[in-house]
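Structure first, commentary second.
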Amino acid sequence: QVQLVESGGGLVQAGGSLRLSCAASGRTFSTYVMGWFRQAPGKEREFVAAINWSGDKTFYEDSVKGRFTISRDNANNMVFLQMNSLKPEDTAVYCCAAAPVYYIDNDPRRYDYWGQGTQVTVSS
């Protein structure tokens, strides 16, 4: 079992930055692929970024490449999403998720555990 709690969301102007954090419980955290997903009102849930168990491989959705960075700290059971150059279209609820798989995956069906999410609002 893994429990996930996100923090760090808020209101920011376009061009600004936010750093999301995800605190995980569970002794097997370091064995999971971790991902960030987002969902805007009236839209489908969307993959944002994922990182493998060791942190040396990452994968990003095209629209966030070069602006967002995912990282993890296995010693402290944490995952982070650094978001720079934010745009109004980045506005959404951001959730972290854990997948008991070896390879990075952007399919939300592979993720067994989900946090409640944190709201990110980017004003123009």
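Along the sequence shown, residues are numbered consecutively beginning with 1.
With sequence neighbours excluded, the residues forming a side-chain contact (heavy atoms from CB on, under 4.5 Å) with S123 are L11, Q13, listed by chain and number. Under the rule for a side chain to side chain donor-acceptor pair (under 3.5 Å), N106 has no partner lying at least two apart in sequence or in another chain. Listed by chain and number, the residues in a salt bridge (Lys or Arg N to Asp or Glu O under 4.0 Å) with K43 amount to none (sequence neighbours excluded). For S85, the side-chain contact (heavy atoms from CB on, under 4.5 Å) criterion is met by R67, not counting sequence neighbours. Under the rule for a side chain to side chain donor-acceptor pair (under 3.5 Å), S71 has no partner lying at least two apart in sequence or in another chain. Applying the side-chain contact (heavy atoms from CB on, under 4.5 Å) test to V120 and every residue at least two apart in sequence or in another chain returns L18, L20, M83, Y94, V122. Residues passing the side chain to side chain donor-acceptor pair (under 3.5 Å) test with E89: none are found, sequence neighbours excluded. Residues passing the side chain to side chain donor-acceptor pair (under 3.5 Å) test with S30: none are found, sequence neighbours excluded.
The disulfide bond (SG atoms under 2.5 Å apart) contacts involving residues 48-90 comprise nothing, where partners must be two or more places apart or lie in separate chains. Residue pairs satisfying the ring pair (Phe, Tyr, Trp, His ring centres under 6.0 Å) criterion with at least one member in residues 59-83, sequence neighbours excluded, are listed as follows: F47-F59. Within the structure, every pair that satisfies the disulfide bond (SG atoms under 2.5 Å apart) test and touches residues 62-124, not counting sequence neighbours, is listed here: C22-C96. Under the side-chain hydrogen bond (donor to acceptor under 3.5 Å, both in side chains) criterion, the residue pairs touching residues 45-55 are R38-E46, N52-S54, N52-D56, S54-D56, with sequence neighbours excluded.
In the hydrophobic cluster analysis, where Ile, Leu, Val, Met, Phe, Trp and Tyr join through side-chain heavy atoms closer than 4.5 angstrom, V48 is grouped apart from W114. Criterion: ILVMFWY side-chain heavy atoms under 4.5 Å apart, direct or through other members. Under it, V101 and I51 are not part of a common hydrophobic cluster. Under the 4.5 Å side-chain heavy-atom criterion for Ile, Leu, Val, Met, Phe, Trp and Tyr, I70 and Y32 are members of the same hydrophobic cluster.
A salt bridge between D90 and K87 is absent, with no side-chain N of the basic residue lying under 4.0 Å from a carboxylate O of the acidic one.
The OG1 atom of T58 sits 12.0 Å away from atom CZ of R72, with the distance rounded to the nearest 0.5 Å. Of the inter-residue distances, the one linking Y113 atom OH with Q1 atom CD reads 4.5 Å to the nearest 0.5 angstrom.
The two atoms that bring M34 and A98 nearest to each other are SD-CB, 3.5 Å, heavy atoms only. Counting all heavy atoms, side chain and backbone alike, S17 lies closest to Q82 at CB-NE2, 4.0 Å. Minimum heavy-atom separation, V2 to A24: CG1-CB, 4.2 Å. Between Y111 and G35, the closest heavy-atom pair is CE2-N, 3.6 Å. Shortest non-hydrogen contact noted between Q116 and V93 is O-CG1, 4.4 Å. Summarising the geometry of N76 relative to D73, their closest heavy-atom pair is ND2-OD2, 2.7 Å, with the distance given to 0.1 Å.
A 4.5 Å side-chain heavy-atom check between T91 and Q119 finds at least one atom pair inside the cut-off. Between V79 and F29 there is a side-chain heavy-atom pair separated by less than 4.5 Å.
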